Amino acid sequence: MDGRSLAAAIAAVALALAASGCGPTKQAVDFAYPPADPDAVAGDLTVLTQRTDLVANGVLDGYAAEFERLHPRARVHFEGITDYEGEVRRRLGTKNYGDVLMIPAALPQYDYPAYFAPLGPGAAVASRYRFTDRATVAGKAYGMAESGSANGFVYNRAVWTAAGITDWPTTPAQFLADLQRIKDRSGSVPYYTNFKDAWPLTGWSDNVGSVGCDPQATAKLSVTDEPWAAGGDLNVIDTLLHDIVKRGLAERDPAGTDWERSKALLAKGDIATMQLGSWAVTQLQEAARKAGTDPAAIGFLPFPVQKDGVFCSVVVSGYQQAISLHSKNKAAARAWIDWFTDRSGAAAREGAVPTLAAAPLPSVLKPLADKGVRFIDRSEADTAQVDAIDDLAGIGLDRPDYRRKLIDMARGAQPGGPAEFFADLDRRWGEAALHVKS
């Protein structure tokens with residue numbers, strides 16, 4: 001058996017095991033319910049988080065203090081990790097990955113039962129919370145979203161207005177023309193890739209569904225052989241990123257970008273635009289306050305495509321909170337997740353879409369709602385199948401590598417162009433899909 005066939009077999013077996021609930025995680029059948037008695041919540045919890053900023057400024061410690069007042073026999077400790085994806089993926093190979101953690105975005109959904117304790121029946125969790133299908137495997141929910149986010153572009157409205165741009169671009173061509181106008185009429189960098197930190201590049205995939213205004217866009221990736229065919233969501237999304245860089249509308253040295261610094265630069269108007277979820281708006285507004293500029297200048301744009309004259313913005317889960325399969329305090333860990341989701345108010349403070357279904361959308365999305373933007377809850381029900389194909393194809397829709405290569409080609413650091421690049425991605429995807437389906 002060659003390497004590709006072996007990988008296909010492994011992916012197929014993983015899918016089958018996840019669907020059956022059997023395999024190496026058969027012992028993890030008990031759901032991690034919180035105790036009925038709050039006084040019974042006890043133990044030291046280590047929570048791994050990508051939000052190093054909230055660890056540094058003490059915000060997370062404030063949440064822990066509130067939780068501990070309700071549960072005095074529990075203690076919550078945070079471990080902020082800068083390279084969250086890389087570090088946690090490595091630690092998943094051990095038993096040392098905390099009690100509560102954010103599921104790495106690049107971890108295939110079908111692998112969740114191997115690492116995390118189930119929170120409860122998927123249908124029961126879905127009756128109360130948004131985004132549950134993203135972490136539901138074989139009828140069991142393994143994660144609870146920290147919050148969700150609409151997707152599009154964070155921008156400095158003052159820079160765009162000074163360049164004479166008052167209307168939202170409705171096509172990729174118009175978006176590129178607006179960035180060119182910013183370049184010609186201001187000293188601002190029209191677009192910032194955050195190439196070096198890399199993780200922001202994965203956010204472009206969260207716009208799948210916005211182009212065709214289709215909540216089933218991700219599911220359809222599991223049944224297509226050519227996701228990058230002309231007119232498809234991924235083709236439109238990645239072509240726009242390529243053309244931004246190719247036309248010199250991004251920073252000159254992508255290898256020198258810096259996420260934390262980029263927030264201050266956009267707040268001050270040195271950068272005009274970044275592709276990010278709506279979760280970033282409050283962070284950029286705070287950066288503006290610190291820089292002494294107007295927080296109201298920070299705005300949010302939908303992806304520049306309309307369907308029947310209407311913008312669509314996909315609303316997707318942020319990181320999903322999960323409980324380590326190896327935690328000694330699963331009940332307390334579940335109590336923390338429930339409290340954080342239902343009672344902490346963190347989503348509202350962050351301007352994020354709350355996981356609790358009964359909670360309202362954040363105020364940062366009101367300008368989009370007022371202009372008739374349609375918010376789509378994208379289905380993630382077939383994510384396990386998509387992940388299996390993606391994993392076997394070696395592309396990484398939720399990893400930055402292939403988009404970094406695309407940017408390198410666009411800036412001349414690697415040979416090639418988008419047509420042959422997309423054709424190769426389609427070839428690899430099609431071959432992987434054939435193996436996974438067979």
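Everything numeric in this text was worked out from a predicted model, so none of it was measured. Atoms considered below: every heavy atom in the structure, side chains included; atoms not considered: hydrogens, waters and symmetry mates.
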Inset, instruction - Examine Arg404 relative to Phe195 and say whether NZ or CZ is less than 6.0 Å from the centre of the six-membered ring and inside a 45° cone about the ring axis. - result: yes

Legend entry - Atom pair CD/OG1 of Gln321 and Thr341 - distance to nearest 0.5 Å: 5.0 Å

Legend entry - Phe153 and its ring pair (Phe, Tyr, Trp, His ring centres under 6.0 Å) partner, picked from Tyr192, Trp204, Phe311, Trp168: Trp204

Legend entry - Test: Arg289 and Glu286 ion pair at under 4.0 Å: yes

Inset, instruction - Would you sort out whether Glu146 and Gln50 count as a side-chain hydrogen bond (donor to acceptor under 3.5 Å, both in side chains), showing the intermediate values? - result: CA-CA 11 Å; Glu146 270 192 305; Gln50 80 287 2; 3.3 Å; yes

Legend entry - Arg51/Glu350 ion pair, N-O < 4.0 Å: yes

Inset, instruction - Just do the side-chain hydrogen bond (donor to acceptor under 3.5 Å, both in side chains) check on Arg378 and Thr218 with the steps written out, would you? - result: CA-CA 7 Å; Arg378 189 176 69 189; Thr218 295; 3.0 Å; yes

Inset, instruction - For Arg128 and Asp342, run salt bridge (charged side-chain N to carboxylate O under 4.0 Å, His left out): C-alpha distance rounded to whole Å, both residues' side-chain angles, the deciding distance at 0.1 Å, then the answer. - result: CA-CA 10 Å; Arg128 182 173 173 81; Asp342 292 7; 2.9 Å; yes

Legend entry - Non-hydrogen side-chain atoms of His77 and Leu45 separated by less than 4.5 Å: no

Legend entry - From Tyr319 atom OH to Tyr84 atom OH, the distance as rounded to the nearest 0.5 Å: 7.0 Å

Inset, instruction - Considering only NZ, NE, NH1 and NH2 on the basic side and carboxylate oxygens on the acidic side, decide whether Asp258 and Lys196 come within less than 4.0 Å. - result: no

Inset, instruction - Tell me whether the centres of the aromatic rings in Tyr63 and Phe340 are closer together than 6.0 Å. - result: yes

Inset, instruction - Could you tell me whether Arg403 and Asp238 have a side-chain N and a carboxylate O separated by less than 4.0 Å? - result: yes

Inset, instruction - Could you walk me through whether Thr239 and Trp228 pass the side-chain hydrogen bond (donor to acceptor under 3.5 Å, both in side chains) test, one step at a time? - result: CA-CA 10 Å; Thr239 296; Trp228 282 269; over 6 Å; no

Legend entry - Ion pair Arg89/Glu85, N-O distance below 4.0 Å: no

Legend entry - Heavy-atom side-chain contact between Glu66 and Leu70 under 4.5 Å: no

Legend entry - Arg91 side-chain N/O to Tyr97 backbone N/O, donor-acceptor pair under 3.5 Å: no

Inset, instruction - Output yes when a side-chain donor or acceptor of Ser188 lies under 3.5 Å from a complementary backbone atom of Ala272, and no otherwise. - result: no

Inset, instruction - Verify, without hydrogens or angle tests, whether Ser317 (side chain) and Phe131 (backbone) share a donor-acceptor contact under 3.5 angstrom. - result: no

Legend entry - Electrostatic pair Arg334-Asp338, nearest N-O below 4.0 angstrom: yes

Legend entry - Sub-6.0 Å ring centroid separation between Phe175 and Phe303: no

